[in-house]
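Worksheet: the structure to be examined is printed underneath.
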Amino acid sequence: MTAIILDEPGGPEVLHTDKVPTPSPKPGEVLIRVEASGVNRPDIMQRKGYYPPPPGASPLLGLEIAGTVVAHGSPLSGTEFPAIGSKICALTNGGGYADYCAVPASQCLPWPDHYDAVKAAAIPETFFTVWSNLFTTADLKKGETVLIHGGAGGIGTAAIQIAKAMGAIPLTTVSDPEKGELCEKLGAIAINYKTDDFVEKVMEHTGGKGVDVILDIIGGPYFSRNLKALAMDGRLVIIAFQGGAKVEEFSLTPLMTKRLHVTATALRPRSKEYKATVAEALKTHIWPLLDSGALEPIVHTTFPLAEAAEAHRLMESSNHSGKIILTH
Ligand SMILES: NC(=O)c1ccc[n+]([C@@H]2O[C@H](COP(=O)([O-])OP(=O)(O)OC[C@H]3O[C@@H](n4cnc5c(N)ncnc54)[C@H](OP(=O)(O)O)[C@@H]3O)[C@@H](O)[C@H]2O)c1
């Protein structure tokens, strides 16, 4: 099959097409003929050599796909296979930038009503990550406030919509007014982090209380300010360190005085069983909203699979809002 290969870590130019063996589905897995795959920041990290695939996972890039089921692996008790020929989208463990990808059946979900491959491929990585972090890790509740950093990105646009749909009040940071407008349309209060201090703005919008939850992708440079922006019993969930992993100096005092919880998580190395519980939760709470059109992934643009390097360049420029998708 054709796949995007990288011979060594580096810039987008290391990505090229090549022929590789088609994967065989293991017990409990299905083989998907991929019609579209999503580009995610973790792919950029993997390409640069900073995010190696977990043991046993495909070394190829690509954490989410949409396509057609073409084969089943051997049965595994408790696992239901989607029918051969059905259209599914899936959270992969790697290997999405290819003609075929083998994924655990428990990480597959049907295309929402009236979706095509591009829109379906725009869902899994961000929706699984957001659900897992906001509702399992941070226990975000109806009526609570949540600050989502990077609101115009793939994760951000999904997080705003999901938080809002579940009855929470999203605030978000963006770099320019156009991205702010998009986030406000999706239901968030947008804060321009280039022109405003996000802590001051959070306090203004929450009557001085702070937010209950923060979903952070920046890490070190935002750490102390995130603690300041949290309310009593606030929860900070860090899912990336785009600004760096080191915190030079910070005070533990707000952790005690505000009883804060701080954690950091990555979805990819989590167990198949954990990912299956997230898939079930999405099916129950989010799929009906996707089917009805109340929620919709935001697709910025598409590139043919062979132009994966261009797609990476666009993501690294941050001149996109929402998802970048590869068509196969
Ligand atoms: N832990 C996990 O399991 C997991 C899973 C998936 C993704 N992630 C992480 O989540 C992050 C987002 O991924 P993605 O695929 O959605 O990428 P993306 O579409 O490129 O979004 C990243 C966003 O960050 C914003 N940003 C950059 N600097 C910022 C700053 N100082 N303050 C606020 N926002 C800033 C960018 O927009 P502006 O123009 O507004 O700056 C951009 O919209 C990545 O870091 C990725 O590694 C983690």
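For ligands, and for the atoms within them, numbers begin at 1 and follow the listed sequence.
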With respect to [atom], which of [options] exhibits the smallest heavy-atom separation?
atom                    : options                       : result
atom 10 (O) of ligand 1 : Asp43, Ile217, Asn133         : Ile217
atom 25 (C) of ligand 1 : Ala190, Pro42, Gly150         : Gly150
atom 8 (N) of ligand 1  : Thr126, Ile239, Ile298        : Ile239
atom 42 (C) of ligand 1 : Gly219, Ser318, Gly38, Gly322 : Ser318
atom 13 (O) of ligand 1 : Gln46, Glu316, Arg41          : Arg41

Response to the item:
Ranked by distance from atom 38 (P) of ligand 1, the top protein heavy atom is Ser175 OG, 3.3 Å

Practice prompt. Could you check atom 44 (C) of ligand 1 against the protein and tell me its nearest heavy-atom contact, residue, atom and distance included?
Written response: Gln242 OE1, 3.1 Å

Discussion item. Both conditions, 6.0 Å and 45 degrees, for the charged tip of Lys119 above the ring of Tyr115: are they met here?
Written reply: yes

Worksheet item: Quick one: does Phe241 get within less than 4.0 Å of ligand 1, heavy atoms only?
Response: no

Using a 4.0 Å cut-off to any heavy atom of [X], which atoms of ligand 1 qualify?
X      : answer
Ala266 : 1 (N), 2 (C), 3 (O)
Val174 : 40 (O)
Leu267 : 2 (C), 3 (O)
Ala240 : 9 (C), 44 (C), 45 (O), 47 (O)

Discussion item. Does ligand 1 come near enough to Tyr193 that some N or O of the ligand is less than 3.5 Å from an N or O of the residue?
Written reply: yes

Worksheet item: Is it true that Glu29 and Lys272 make a salt bridge, defined as a side-chain N closer than 4.0 Å to a carboxylate O?
Response: no

